[in-house]
Amino acid sequence: MPYVYSVPHLGNFVGSVLPADVYYKYLKMKGDDAIFICGSDQHGTPTELAAIKKGIEPSVLADEMHERVKKLFEKYGCTFTHYGKTNTPENKEVVYSIFNELYNNGYLLEREDMQAYCNVDKRFLTDRFIQGTCPYCHKKSARGDQCDNCGRLLEPSQIIEPFCAICGKSDITFIKTKNLALELNKLQPDIAKFIKSNSKYNWSKDAINKSLSLLKEGLKPRDITRNMKWGFPVPLIGYENSVIYVWITGLIGYIGITKEWDSKRWRDYWQNEHTQLIQFLGKDNTIFHTIIWPGMAIGSRLGFIMPHTIKESQFLVSETVKFSKSHGVGLNMSAALEILEADYWRFALMHMYPENADSEFTERGLVETVNVIMNDKIGNLAQRVLKLSKSNRFLVEGDISVDDAAVKKIIKDYCDAFDNMQLKKAIGTVVRLADLGNGIMSKKEPWMLAKKAKDDAKAERQSKKIFSELLAITYAMGILLYPFAPKASAELLSYFGIDTEPTLEMLNNKVKPNLDEEPKPIFQKMTNKEIEKLKKYA
RNA sequence: AGCGAGGUAGGGUAGCCUGGAGUACCCGUCGGGCUCAUAACCCGAAGAUCGGAAGUUCAAAUCUUCCCCUCGCUACCA
């Protein structure tokens with residue numbers, strides 16, 4: 001679920017929403033009963049501060065951003081069952097029911113703490129909004145949570161000559177506040193049991209080990225309320241100035257959004273032990289999904305399900321291209337669409353998907369993927385097969401079906417890769433299929449055979465076989481391409497008379513190629529103009 | 001500082017769980033083939049002390065230990 005106080009950048013997109021959409025499209029092709037729930041995470045400090053800066057209500061900004069981001073995801077071809085948001089009555093109800101049960105069941109601990117308050121801004125300051133001099137290295141740029149110079153973790157009260165990062169003034173007082181903490185320590189045995197049983201379902205090594213190591217250290221209570229205004233008010237007397245922490249309304253938001261989608265059926269998914277909950281997230285928020293949500297699900301005793309699979313991604317980083325989200329100047333999702341159409345980004349980003357390690361986004365890498373992989377290998381193969389078939393129609397006879405063993409093997413590898421949550425491997429098999437087709441082209445030289453076929457019965461037979469084989473590969477490629485480049489997939493499949501969403505079942509069907517129309521390339525190379533546009537972000 | 005992950009030809013990756021000759025893929029470089037297709041495609045070659053050191057083993061990129069570098073988390077950024 002993206003946090004939307006500004007437009008997400010490409011790294012955010014490739015980390016969670018895109019792989020989730022790709023995987024969901026695969027599940028639909030497979031015919032599984034799957035729903036794809038996503039939405040805008042709206043609460044939290046960054047949104048509140050951005051709203052203050054703009055002089056508008058946080059809810060107004062949050063809804064504005066929600067609409068913008070929602071449209072943007074749609075432009076990228078994401079097909080959510082429902083794209084909702086966290087600040088809704090539906091989510092509030094679910095959040096309160098879970099919160100109240102956690103309270104009633106004795107899992108919420110009241111804790112008192114001294115917290116910095118800015119008398120100018122009239123608000124409590126989270127740790128990182130207190131700045132000043134580091135007590136260890138005496139650098140003046142330390143924040144309340146950490147000193148970037150010496151790397152030491154700090155307490156806000158340790159900061160020498162503290163000032164407020166929002167207004168820059170030093171009019172700060174420390175006031176006693178109370179918050180409620182989720183007693184993860186009490187829930188530890190059940191959380192541990194959950195992680196041990198479910199982490200075998202294709203969790204990444206990183207996700208498993210950091211969750212296990214946290215358990216080994218011993219879980220500690222974690223505050224789930226904050227002294228701020230923007231959010232769901234804490235439904236308890238004595239907490240009038242507090243709201244429920246953004247992560248709590250976000251994690252539960254998946255449920256609230258499902259409820260927003262369907263006020264009855266949401267329980268069939270969330271309170272059904274047969275549901276497989278598959279969550280896609282970046283490496284920076286793994287523990288919220290592996291520890292904190294399970295803790296709430298267990299502690300509330302409302303029968304909510306926990307994740308079956310955690311699909312964690314590392315980061316897409318760039319040293320040469322600005323991704324900056326906070327300043328609104330980087331190559332974000334909106335800016336990217338002005339350079340290339342959605343399909344190109346979908347495919348290229350998945351091709352550089354940081355599945356097991358951070359991966360580097362470079363102009364060179366993007367151009368290579370678009371020009372070589374998409375255009376030269378995949379797009380051009382489709383084009384040469386279709387054109388050759390069109391100009392030798394007498395050799396295209398009857399129906400096409402996928403029955404070559406090598407093609408079937410690639411399709412099986414594609415499915416296995418998806419079923420094992422190996423998305424980079426899955427996209428790799430599409431490229432392999434194109435390689436296979438291009439290889440056959442060169443080895444068998446069907447254009448030579450086609451010339452001979454006019455007065456040579458043997459050559460005619462051979463040609464027909466090869467044409468049918470190549471068309472089958474092109475057809476299969478059209479289907480396998482669907483999760484990654486849905487528009488190009490649809491264009492390619494239109495030459496086989498298919499105008500509906502592709503399914504894996506279609507790979508077993510016989511189809512008739514439609515060679516009446518002049519085939520158009522499904523992909524094109526990046527033009528110099530497009531590359532120039534990309535360079536602006538360097 | 002502690003914990004987790006990553007480090008593999010010039011660049012980008014896969015391989016590591018389950019040890020078997022540096023195996024594979026894309027770009028780039030060099031040589032050849034082809035002319036159906038979008039100046040595309042195919043074949044071949046060169047290029048790597050697999051971050052470093054030690055250990056286990058008949059055998060280590062893979063297992064163990066230590067060290068170095070990068071990223072993330074460390075509980076009030078999300």
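Numbered from 1 within each chain, the chains take letters A, B, ... in sequence-line order.
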Counting Watson-Crick and G-U wobble pairs only, both distances under 3.5 Å, name the nucleotide matched with [N], or none.
N: B/C76; value: none
N: B/U62; value: none
N: B/C25; value: B/G12

Indicate whether OP1 or OP2 belonging to [N] is found under 4.0 Å from a side-chain N or O atom of [X].
X: A/N209; N: B/A5; result: yes
X: A/T45; N: B/A78; result: yes
X: A/K205; N: B/C16; result: no
X: A/K210; N: B/U74; result: no
X: A/Y245; N: B/A78; result: yes

Rounded off to whole Å, could you give me the CG-to-C1' distance for the A/D206 and B/C17 pair? 15 Å
Just the rounded figure in Å: distance from P of B/C41 to CZ of A/R432.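 Interatomic distance, CZ of A/R432 to P of B/C41: 19 Å.
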Donor-acceptor pair under 3.5 Å: do we get one between A/E445's side chain and the base of B/C36?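 Side chain to base: no pair present.
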Identified side-chain hydrogen bond (donor to acceptor under 3.5 Å, both in side chains) partner of A/Q42 from the options A/N87, A/N91, A/D63, A/T249: A/D63
Span that lies between the [atom1] atom of [M] and that of [N], in whole angstrom:
N: B/A45; M: B/G7; atom1: P; value: 27 Å
N: B/U62; M: B/G55; atom1: P; value: 14 Å
N: B/U64; M: B/C17; atom1: P; value: 9 Å
N: B/C34; M: B/C42; atom1: P; value: 16 Å
N: B/G12; M: B/G6; atom1: C1'; value: 15 Å
N: B/C63; M: B/G2; atom1: C1'; value: 25 Å
N: B/C16; M: B/G22; atom1: C1'; value: 14 Å
N: B/C50; M: B/A61; atom1: P; value: 7 Å

Which nucleotide, [options], lies nearest any side-chain atom of [X]?
X: A/A357; options: B/U38, B/G11, B/G6; answer: B/G6
X: A/D376; options: B/A37, B/A40, B/U35; answer: B/A40
X: A/N356; options: B/C26, B/A14, B/G72; answer: B/A14
X: A/Q146; options: B/C42, B/A5, B/U74; answer: B/U74
X: A/Q383; options: B/U13, B/A37, B/C26; answer: B/A37
X: A/N380; options: B/G72, B/U38, B/A75; answer: B/U38
X: A/M441; options: B/C36, B/C77, B/U13; answer: B/C36
X: A/W247; options: B/A78, B/G4, B/C76; answer: B/A78
X: A/S442; options: B/C77, B/G33, B/U74; answer: B/G33
X: A/T126; options: B/U13, B/C76, B/A78; answer: B/C76

When you measure from the side chain of A/D456 to the backbone N and O of A/A459, does any donor-acceptor pair fall under 3.5 Å?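 Yes.
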Report which part of the nucleic acid [X] touches: base, sugar-phosphate, or nothing (heavy-atom distance under 4.0 Å, all strands).
X: A/P446; result: nothing
X: A/F129; result: nothing
X: A/G218; result: base

Which residue, A/I287 or A/W447, contacts RNA chain B at a nucleotide closer to its 5' end, judged by nearest heavy atom?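 It is A/W447 whose nearest nucleotide is closer to the 5' end.
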Could you pick out which residue, A/R364 or A/A207, lies toward the 5' side of RNA chain B when each is mapped onto its nearest nucleotide? A/A207
Note: [X]-[Y] ion pair, threshold 4.0 Å (strictly below):
X: A/D145; Y: A/R128; answer: yes
X: A/E460; Y: A/K464; answer: yes
X: A/E355; Y: A/K311; answer: yes

Could A/R226 and A/Y245 be counted as a cation-pi pair, given that NZ or CZ must be under 6.0 Å from the ring centre and within 45° of the axis? yes
Apply ring-ring contact (aromatic ring centres under 6.0 Å, His included) to A/F323 and A/F361, showing your working. CA-CA 10 Å; A/F323 271 178; A/F361 178 92; 5.5 Å; yes
